[in-house]
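Report on the structure given below.
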Amino acid sequence: MATKTLANNDIDVVMIPKYQQDNFNAMMLGATIAHRELKDDFTFDFETSYWVPRRAKDQSAEDQINYVRDATDLNAKVIMLANNAGGDVENATKRARDSGSFVVTYDSPLENGIDAGESFHVAPVDFQKTGEVMADMALKTCDEGGQFVVMGSSRSATNQVRWIQALKKALDHERYANINLVGDTYYPDKDNVEGYKKKTLEIFQLKENGTYPELSLIMIPSTSGAAASAKALFESDLCDDIKVSGLGFPPEMLRAANAGCAPQFALWDNLDLGYLAYHASHQLATSEVEGKIGETISAGRLDTRKIESDPNRENALLITLGDFFKYNKSNFGTASFIECARGGKEGVCDDKEDTGFFNTYFQDKYKSKALAIIPKVTGMISFLSSLLLASYILSSKKRRSSVFGRIMVGLSISDLFSSAMMFLSTWPMPKPKLEENRFWLPLYAAGTTETCSAQGFFLQLGLCTATFYQTTLLLYYFLTIVMERRESQIKKWEVFFHLVPCAVGLGTSIAGLVLKLYNPISRGSVCWISEFPAYCSKSLKDCERGDNAITYQWGFLYGFVCVTFLWLIIAMTTIFCKVRGVEKKSRQYSHSSSSGNSREVVMQALFFCVAYLIPWIWAPIQAGVDTADLIFTHPNADDLVIALSIANAVLFPLQGFFNFLVYLRPRYTQVTSWLANLRVVVAARDLFLELKKSPSTKQSQDVTSSEGNQTDADAVTKEDNHEKVNDVAEAEAKL
């Protein structure tokens with residue numbers, strides 16, 4: 001926070017949260033992203049615009065009042081305020097309005113709305129829906145019956161007062177008849193962690209002493225209160241006796257929820273709330289809207305929102321973000337990781353009282369040994385296969401003198417680079433530190449930034465050149481079959497078959513080094529083109545390394561892969577049509593073997609295409625899914641990314657192995673054909689010997705008959721025996 005140390009007397013936009021907390025940091029993050037997208041001329045950054053009050057309730061209120069006054073004195077265009085001072089701050093906000101500043105509240109409004117100087121309030125959800133959501137969670141957590149109490153954080157928190165009122169109104173519906181809200185609303189003596197813990201244990205005693213014997217739930221419409229209360233139950237081993245529910249920020253609820261203390265809680269997207277609040281503030285400050293009922297706010301990826309009359313306050317305006325998102329055992333872990341990964345500020349998602357918990361939890365859930373070990377196995381298999389294939393071709397002058405053979409050697413050498421790097425897997429990654437990239441710790445990492453960059457360089461070199469060699473291989477088949485070019489004609493262009501893959505592969509690899517693109521990828525398998533820290537494009541701070549990594553992934557590799565996929569389809573379709581045409585023309589020649597040979601060549605080309613598609617199809621899909629926007633918008637999408645990561649770990653390194661199998665396929669066919677011919681020869685030989693030993697059947701029973709009186713059957717037998725002898729002789733010659 002900075003107010004008195006500004007270089008000038010003017011500031012454009014100030015954001016004042018209630019206090020330092022993860023969910024408010026996420027709101028600031030969303031506002032920062034909106035500011036970057038709009039590219040406006042306003043001063044707005046973490047160091048100068050995020051003014052965080054002290055944590056204690058009285059200090060927070062005092063600081064908020066002083067900050068509003070300071071911002072007014074600095075001629076702030078917009079003051080974004082999450083009210084935690086109740087009506088005490090309204091004199092300061094009126095002064096701000098009268099001085100020409102716009103006051104936009106978010107999360108918690110001013111009770112008297114426009115009369116208190118507020119332009120409009122950006123609400124996370126409809127207050128009435130807040131009551132219904134809490135009532136539904138109470139019904140489910142209480143197992144359709146029982147007692148529960150409500151605990152708030154402060155009587156001056158206007159948003160919580162509204163939510164509790166909405167809850168009580170919702171409970172009038174008959175479907176909640178079996179659950180009873182008992183007692184008054186409870187408040188901690190101090191609005192801090194220790195205050196919530198103390199009050200939670202006091203409430204539990206109401207069950208123990210028989211005041212509320214069926215008490216099974218504490219409903220808390222406060223993220224800080226819910227986290228502290230759940231922690232108190234967890235530490236006191238009371239999770240089986242009483243539960244906590246309400247509004248919870250997933251990272252703060254993670255440990256208690258994992259232990260069963262908070263089986264269900266709800267919240268909105270804090271990042272989106274800050275994102276919407278900044279868009280609305282920007283349009284107000286630039287006179288794109290006047291702040292009147294019915295006006296439309298353009299909110300970037302959130303589309304549009306309407307300015308409406310606030311049904312819960314007189315003379316007040318409202319912009320609503322959307323609906324709640326409910327968290328339970330199936331999704332709170334993923335949501336916690338996402339919120340932590342995009343936090344971007346020291347202290348976010350850091351459980352001070354149990355430093356290693358988050359790291360251990362995420363290591364167990366996301367850093368399974370599979371992603372570190374599987375590439376070592378499949379990478380070694382592919383490396384050995386490519387080495388054997390290259391050695392086999394180079395060992396024969398005939399094989400290494402052909403264009404096809406040299407293309408296969410180039411493809412094999414490319415795979416040697418990539419499969420060797422996949423075998424190394426996480427070893428070259430920088431050894432993680434708890435204070436850096438805390439929530440994506442790769443197993444067995446033991447390297448440095450330099451070793452990670454080296455791995456990324458050689459991996460990019462191998463993958464890129466292999467993709468171009470695959471394109472070249474199919475071009476060779478296309479020229480041979482469709483264009484009917486001879487080997488001597490193709491050799492004239494062979495230099496380009498090797499020059500282009502090597503030049504593009506080496507060029508993109510060097511560019512990646514210069515641009516500092518090689519970093520641990522988000523799922524911890526290898527170092528390649530990636531942002532660092534993970535998802536830093538959604539962070540408050542700029543990426544340390546790997547700026548615009550997603551763009552470079554597609555520009556340096558995946559774009560080429562997609563073009564190769566398209567070329568495979570076009571080339572194979574053309575080759576197939578060509579061979580079909582040849583077959584039709586050759587059907588009149590019953591003894592022609594050219595049709596069968598052409599079909600075999602087509603099948604070999606097709607198998608090489610399949611050998612490329614099987615490992616490569618998953619990587620572009622994962623790249624399309626594993627983006628910050630999609631992951632943060634759809635928490636459950638992370639499970640899909642994990643599945644794709646494992647599929648990549650299994651299949652991606654195996655291209656060299658698949659190429660080896662396809663290359664050997666014709667040899668295997670030749671061997672099986674030779675064995676089949678051998679069986680025919682043996683059978684023919686046995687038949688020949690049997691015919692030689694059999695008695696003559698050619699003598700005539702009538703000595704006076706002429707040779708012309710032989711029966712037709714005798715003539716056929718003689719002719720058949722003659723053909724069998726010839727067949728045996730031919731088979732022996734082939735053998």
Side-chain angles (χ1 to χ4, degrees), residues 22-23 125 129-152 163-164 167 170-171 175-176 178-182 186 196-197 199-201 203-204 206-208 212-269 323-340 349 351 354 357-358 360-362 364-365 635-636 638-639:
D22 291 344
N23 58 322
V125 292
K129 290 184 178 179
T130 309
E132 294 176 6
V133 168
M134 289 196 293
D136 288 340
M137 291 191 297
L139 182 64
K140 186 171 183 178
T141 306
C142 292
D143 293 327
E144 305 297 328
Q147 298 172 327
F148 74 100
V149 299
V150 174
M151 179 166 65
W163 295 336
I164 294 171
L167 169 61
L171 291 173
R175 73 171 176 267
Y176 305 116
N178 292 333
I179 58 174
N180 297 311
L181 175 60
V182 296
Y186 294 89
Y196 287 116
K197 285 184 175 181
K199 183 58 65 173
T200 298
L201 297 179
I203 291 173
F204 176 71
L206 297 177
K207 178 177 182 177
E208 289 290 283
Y212 303 122
E214 297 181 4
L215 184 64
S216 57
L217 172 67
I218 304 174
M219 180 65 64
I220 307 176
S222 163
T223 54
S224 57
S229 181
K231 182 177 291 187
L233 297 181
F234 174 79
E235 292 174 347
S236 302
D237 197 21
L238 298 175
C239 294
D240 293 334
D241 299 302
I242 192 169
K243 310 291 185 183
V244 169
S245 186
L247 304 184
F249 189 56
E252 296 176 334
M253 302 290 286
L254 179 60
R255 180 170 58 160
N258 194 49
C261 302
Q264 189 177 35
F265 52 96
L267 200 62
W268 48 86
D269 191 312
D323 296 325
F324 279 97
F325 189 88
K326 291 184 179 180
Y327 300 98
N328 52 44
K329 189 173 183 179
S330 66
N331 60 18
F332 67 77
T334 299
S336 298
F337 166 74
I338 290 170
E339 296 288 357
C340 293
C349 302
D351 189 351
D354 189 359
F357 177 75
F358 282 104
T360 302
Y361 180 87
F362 290 122
D364 290 343
K365 183 172 177 62
N636 292 331
D638 193 69
D639 295 333

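- Distance alone, capped at 3.5 Å, is enough to place a donor-acceptor pair between the Gln147 side chain and the Glu214 backbone.
- Paired with Leu267 under the rule side-chain contact (heavy atoms from CB on, under 4.5 Å), one option of Tyr327, Phe325, Phe324 passes, and it is Tyr327.
- Closest heavy-atom contact between Ala135 and Leu171: CB-CD2, 4.1 Å.
- Phe265 contributes atom CZ, which lies 11.5 Å from atom OG1 of Thr141 (distance to the nearest 0.5 angstrom).
- The side chain to side chain donor-acceptor pair (under 3.5 Å) search around Asp241 returns none, not counting sequence neighbours.
- Counting all heavy atoms, side chain and backbone alike, Gly260 lies closest to Pro263 at O-CD, 3.9 Å.
- Atom CD1 in Ile179 sits 8.0 Å away from atom CE in Met219 (nearest 0.5 Å).
- Legend: residues meeting salt bridge (charged side-chain N to carboxylate O under 4.0 Å, His left out) with Asp323, ordered by chain and number and at least two apart, are Lys129.
- Closest approach of Met253 and Ala230 over heavy atoms only: CE-CB, 4.3 Å.
- Remark: Lys326 pairs with no residue by the salt bridge (charged side-chain N to carboxylate O under 4.0 Å, His left out) rule, at least two apart or across chains.
- Taking both residues in full, the closest heavy atoms of Met134 and Pro221 are given as SD-CB, 3.8 Å, listed atom of the first, atom of the second, then distance.
- Considering only heavy atoms from C-beta on, Asn328 stays 4.5 Å or farther from Met137 through its side chain.
- Residue Ile242 holds its CD1 atom at 6.5 Å from CG of Leu233, rounded to the nearest 0.5 Å.
- Counting heavy atoms from C-beta outward, Ser236 and Leu201 have side chains that approach closer than 4.5 Å.
- Using a distance-only test at 3.5 Å, with no hydrogens or angles considered, a donor-acceptor pair links the side chain of Ser245 to the main chain of Gln264.
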Inset, instruction - Given side chain to side chain contact (heavy atoms under 4.5 Å, CB included), test Leu247 with Trp268 step by step and report yes or no. - result: CA-CA 9 Å; Leu247 304 184; Trp268 48 86; 4.0 Å; yes
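- Annotation: the span from Leu238 atom CG to Lys243 atom NZ amounts to 10.5 Å, rounded to 0.5 Å.
- Distance check: Cys261 SG to Arg255 CZ gives 9.5 Å after rounding to the nearest 0.5 Å.
- With respect to Tyr186, the side-chain contact (heavy atoms from CB on, under 4.5 Å) criterion is satisfied by exactly one of Ile220, Ile218, Ile203: Ile203.
- By the 4.5 Å heavy-atom criterion applied to side chains, Tyr196 and Lys231 are not counted as neighbours.
- Rounded to the nearest 0.5 angstrom, Arg175 CZ and Leu139 CG are separated by 8.5 Å.
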